[in-house]
Trainee: 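Dropping the structure in here first, questions after.
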2 protein chains.
Amino acid sequence: MTRREAILAGAAPLAPLAGQAQTSQTQISQAVTLPRQVEKWGLYEAAFTAPVPGNPFTETSFSAEFRQQNRVLEVGGFHDGDNTWRLRFSPDAEGEWTFTTRSNRAELNGKTGRFVAIPAAGNNHGPVVVNNTWHFAYADGTPYLPFGTTCYAWTHQGETLETQTLGTLRTSRAFNKMRMCVFPKWYTYNRAEPPLYPFERNGTENDYTRLNPKFFQHLETRVGQLRDLGIEADLILFHPYDNWGFAKMPAEADERYLRYVVARLGAYRNVWWSMANEWDLFRNKNLADFDRYFRVVQTSDPYQRMRSIHHSKVMYDHGKPAVTHVSIQDDDFTKTQGWREAFHKPVIYDECKYEGNITQRWGNISAREMTRRFWLAMVEGAYGGHGETYLNPEEVLWWSKGGTLHGESAPRIAFLRHEVLRGAEAGLTPIPNAYYPGAARTGEYYLYFLDYHQPVEQEFTLPEKVKFQADVIDPWKMTITPVAGTHSGKVKLALPGLPFQAVRFRKVA
Amino acid sequence: MTRREAILAGAAPLAPLAGQAQTSQTQISQAVTLPRQVEKWGLYEAAFTAPVPGNPFTETSFSAEFRQQNRVLEVGGFHDGDNTWRLRFSPDAEGEWTFTTRSNRAELNGKTGRFVAIPAAGNNHGPVVVNNTWHFAYADGTPYLPFGTTCYAWTHQGETLETQTLGTLRTSRAFNKMRMCVFPKWYTYNRAEPPLYPFERNGTENDYTRLNPKFFQHLETRVGQLRDLGIEADLILFHPYDNWGFAKMPAEADERYLRYVVARLGAYRNVWWSMANEWDLFRNKNLADFDRYFRVVQTSDPYQRMRSIHHSKVMYDHGKPAVTHVSIQDDDFTKTQGWREAFHKPVIYDECKYEGNITQRWGNISAREMTRRFWLAMVEGAYGGHGETYLNPEEVLWWSKGGTLHGESAPRIAFLRHEVLRGAEAGLTPIPNAYYPGAARTGEYYLYFLDYHQPVEQEFTLPEKVKFQADVIDPWKMTITPVAGTHSGKVKLALPGLPFQAVRFRKVA
């Protein structure tokens with residue numbers, strides 16, 4: 001983000017650059033903890049100890065300018081309890097960076113620092129960004145195909161269950177995105193008080209002027225653990241399933257909360273912002289409120305992380321510029337083309353019902369149907385979303401509390417992600433007028449899903465003069481059966497005459 | 001049909017009733033074969049031998065007035081080869097009937113006859129008519145729920161195969177309606193000359209002024225055999241899959257053919273008229289032609305048999321008064337409510353793809369999917385349609401040639417028809433806003449189909465103070481498992497947690 005961009009994004013006008021730079025080179029505060037280096041897209045954190053009078057959330061302002069040569073980013077700081085103040089920053093370029101703080105308190109004002117962003121290493125590919133209009137990639141160019149699951153309230157379940165959830169995510173290998181709420185959840189199968197509250201709470205009363213640092217420390221630990229598992233945290237900032245008041249706070253409390261979350265969590269490279277779950281079900285908010293949340297997040301986030309909003313029946317206008325991708329609750333995948341063309345943004349069916357056996361129809365589709373939906377989304381040029389809702393005596397349903405997976409779709413989703421899409425990591429484009437839904441990387445990779453059709457032979461049209469290897473894929477049995485020989489142009493393949501098969505063609509290397 | 005209706009329906013104005021009645025009582029021709037009695041809704045046939053010069057199809061008119069007391073119906077006669085002329089009539093009321101012929105030839109003019117319509121017996125329930133707006137019944141009030149199959153060209157396959165088709169229909173017990181073409185068919189898997197042609201044919205040239213009585217004798221034998229099996233013959237009068245010219249005849253040949261078919265076959269109580277298969281695929285006909293066919297059939301048919309028209313992509317306006325029911329090619333059953341409300345007529349998904357394994361996507365859905373579609377149609381308050389297209393070396397595919405059934409859906413359709421719908425014989429009304437699609441006979445019978453949902457328990461709402469017995473139904477395994485006890489009001493049932501189950505409630509007798 002350039003300085004101009006930072007200003008446009010809502011940061012206050014900056015003081016003259018020269019003076020600032022001078023200050024940052026000459027004064028290093030001694031009351032701070034300042035790391036010397038950080039990986040590009042890593043999390044740089046500067047901690048300051050400063051006693052301040054009054055309410056630190058409302059009476060003390062604290063932010064910083066981070067600077068690399070002529071580039072300046074305005075970054076919010078935050079109070080982290082007691083006398084602790086923190087600045088977090090995630091540099092997107094290697095090399096030397098400096099910062100200077102700004103505060104209405106002398107103890108926190110004009111503090112400076114310097115550090116070096118070293119090359120990203122290991123699995124650090126940077127944040128996910130939109131790539132090629134309808135797809136995603138990490139900032140280093142590594143393709144990212146979202147395979148999301150849903151554990152709305154998993155960070156409010158206590159250490160044992162939360163650790164189990166992380167273990168399940170690690171071993172299933174199916175998912176690289178998690179839809180999760182910041183606030184605790186009150187809903188069927190979710191009728192417990194959370195271990196921590198996001199605001200100071202006295203009995204049943206919240207003090208919306210005082211955020212609870214312990215709550216957010218816990219949350220960011222979990223977000224960091226997801227990051228380390230290669231999982232994007234699609235953070236749902238508001239949701240209507242509330243028993244405590246968080247769904248109907250005063251507007252200024254909403255905004256203070258949003259800026260605080262962005263200041264604390266925005267530097268985690270795996271964070272996505274979802275303004276709401278089922279925004280149209282809030283009784284005390286209207287469309288203008290959600291427009292405002294987009295604006296607040298967009299103007300306070302120096303990194304411009306992914307932003308979306310999820311609906312129940314009334315779709316938010318995903319054409320609005322603040323929306324980075326289309327987050328859909330629907331299960332008619334034939335609508336994809338319309339949305340792709342209308343919005344020119346990636347389409348994720350974040351909620352297309354969940355595998356399970358509960359009495360609610362959104363939570364009781366079969367494993368085969370859940371698997372089928374990931375395939376239908378994929379061949380339409382979109383992405384599916386998983387959730388699981390199997391009843392158990394403890395009422396620990398994955399979709400909300402996490403824990404373990406009881407169903408049969410997750411291994412099939414892992415199969416699709418890791419095996420089937422080899423060669424299509426940069427995402428698929430739907431094939432126009434395909435006889436069966438299919439998507440391709442033109443000239444390289446073609447994938448058709450035959451759904452309930454069961455032909456014993458089928459003709460496909462490939463480019464002429466390019467040799468392709470063909471595979472017949474059984475998405476449920478997780479088998480990939482190569483067809484003998486190579487193929488070009490019009491190809492007639494013998495098929496097993498069974499429903500729910502797929503055919504893949506890949507260019508011979 | 002009253003006399004006024006007969007006139008409105010296009011019959012020529014009648015001579016004074018008194019004189020006609022007198023004639024019919026005093027002159028019985030000796031050159032005729034006249035049965036003395038016929039069952040109500042049976043087929044009365046009077047045969048006359050009369051040599052006539054010239055072309056009997058274009059130069060001789062022949063019809064009759066059938067009369068019971070003050071009621072007069074104008075009935076077309078037809079030439080049946082050599083010197084034979086026939087009148088067919090199906091009385092819809094018991095008691096004495098008389099007739100008087102009219103012709104431009106003295107030998108065929110003024111012939112009279114008298115017979116008695118005796119009570120219908122056995123399986124003769126009369127023709128099918130629309131009943132209760134969205135349903136059907138036989139004329140005697142016996143409910144009729146259409147369970148149709150499709151053998152487009154089965155009457156052009158020769159004795160062996162045609163007899164086999166009839167045997168299959170008898171033993172499968174699944175179907176009580178047959179979609180079938182009058183004309184032979186030229187299409188994939190159908191590239192043979194038929195044994196008989198509908199017109200006199202010299203090499204590759206048809207004489208459209210001379211119909212071929214042998215062709216129609218054969219056809220009506222098959223229609224009669226269907227009748228005796230309790231199967232309605234949904235006769236497709238035109239279709240575009242033509243190699244002989246029948247899809248592009250001159251308008252006057254079209255009309256002569258239609259009047260001839262109506263005169264010959266209209267008296268078969270199991271005949272329905274479908275103006276066309278895929279009317280929008282004809283290259284040489286337009287909407288006005290099909291409007292005209294409806295008009296010709298409507299005005300020449302004394303019985304007003306069921307009339308419909310089938311489309312490929314462009315739906316005919318089923319709101320037109322000549323259309324008795326909505327004949328649909330589609331497989332989105334959620335459209336049913338819109339059509340029910342738009343047209344206030346019964347809705348039949350005559351073509352919702354076929355069970356099979358050929359390469360065409362309309363002919364390769366799985367048996368489970370075909371079964372599912374009959375259920376989806378039923379719980380939306382509509383009716384499904386079957387066809388089967390399994391490849392075999394002889395290329396005898398049921399959908400066109402008949403023969404035997406190779407698939408697995410037909411027994412499930414028979415199960416739905418004979419077992420599941422016991423108590424719902426008069427047809428089902430969709431339950432508004434049902435949580436899962438369901439249809440009912442309010443207060444008596446409730447049927448829900450859970451499709452890919454697999455809850456382990458589910459609440460249903462029944463009328464209070466009425467006792468119902470509940471069954472869990474597996475449409476594929478064809479099991480009906482009664483639930484212990486009786487139920488009223490809000491009922492929570494334990495379910496097997498498997499997809500594709502159904503639940504039925506029936507009032508305790």
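Chain letters run A, B, ... following the sequence lines, proteins first, then strands; residues in each count from 1.
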Trainee: Could you state the interatomic distance from CG (B:D451) to OG (A:S366), rounded to the nearest 0.5 Å?
Mentor: 9.0 Å
Trainee: So B:N364 and A:P455, do their side chains get closer than 4.5 Å, heavy atoms only?
Mentor: yes
Trainee: Around atom CZ of B:R191, are there more than 12 heavy atoms from other residues, nucleotides or ligands closer than 6.0 Å?
Mentor: yes
Trainee: Nearest 0.5 Å, please: how far is OH in A:Y452 from CG in B:D331?
Mentor: 5.0 Å
Trainee: Does anything in residues 477-503 of chain B get under 4.5 Å of chain A by heavy atoms, and if so which residues?
Mentor: B:P499
Trainee: Any idea which of A:Q360, A:E355, A:E459 has the most non-hydrogen atom pairs under 4.5 angstrom with chain B?
Mentor: A:Q360
Trainee: Under 4.5 Å, heavy atom to heavy atom: which of residues 367-398 of chain B reach chain A? Give them by number, or say none.
Mentor: B:A367, B:E369, B:R373, B:Y390, B:L391
Trainee: When rounded to the nearest 0.5 angstrom, what distance separates CZ in B:R361 from OH in A:Y436?
Mentor: 7.5 Å
Trainee: Give the member of A:Q454, A:K353, A:Q458 that has the highest number of heavy-atom pairs under 4.5 Å with chain B.
Mentor: A:Q454
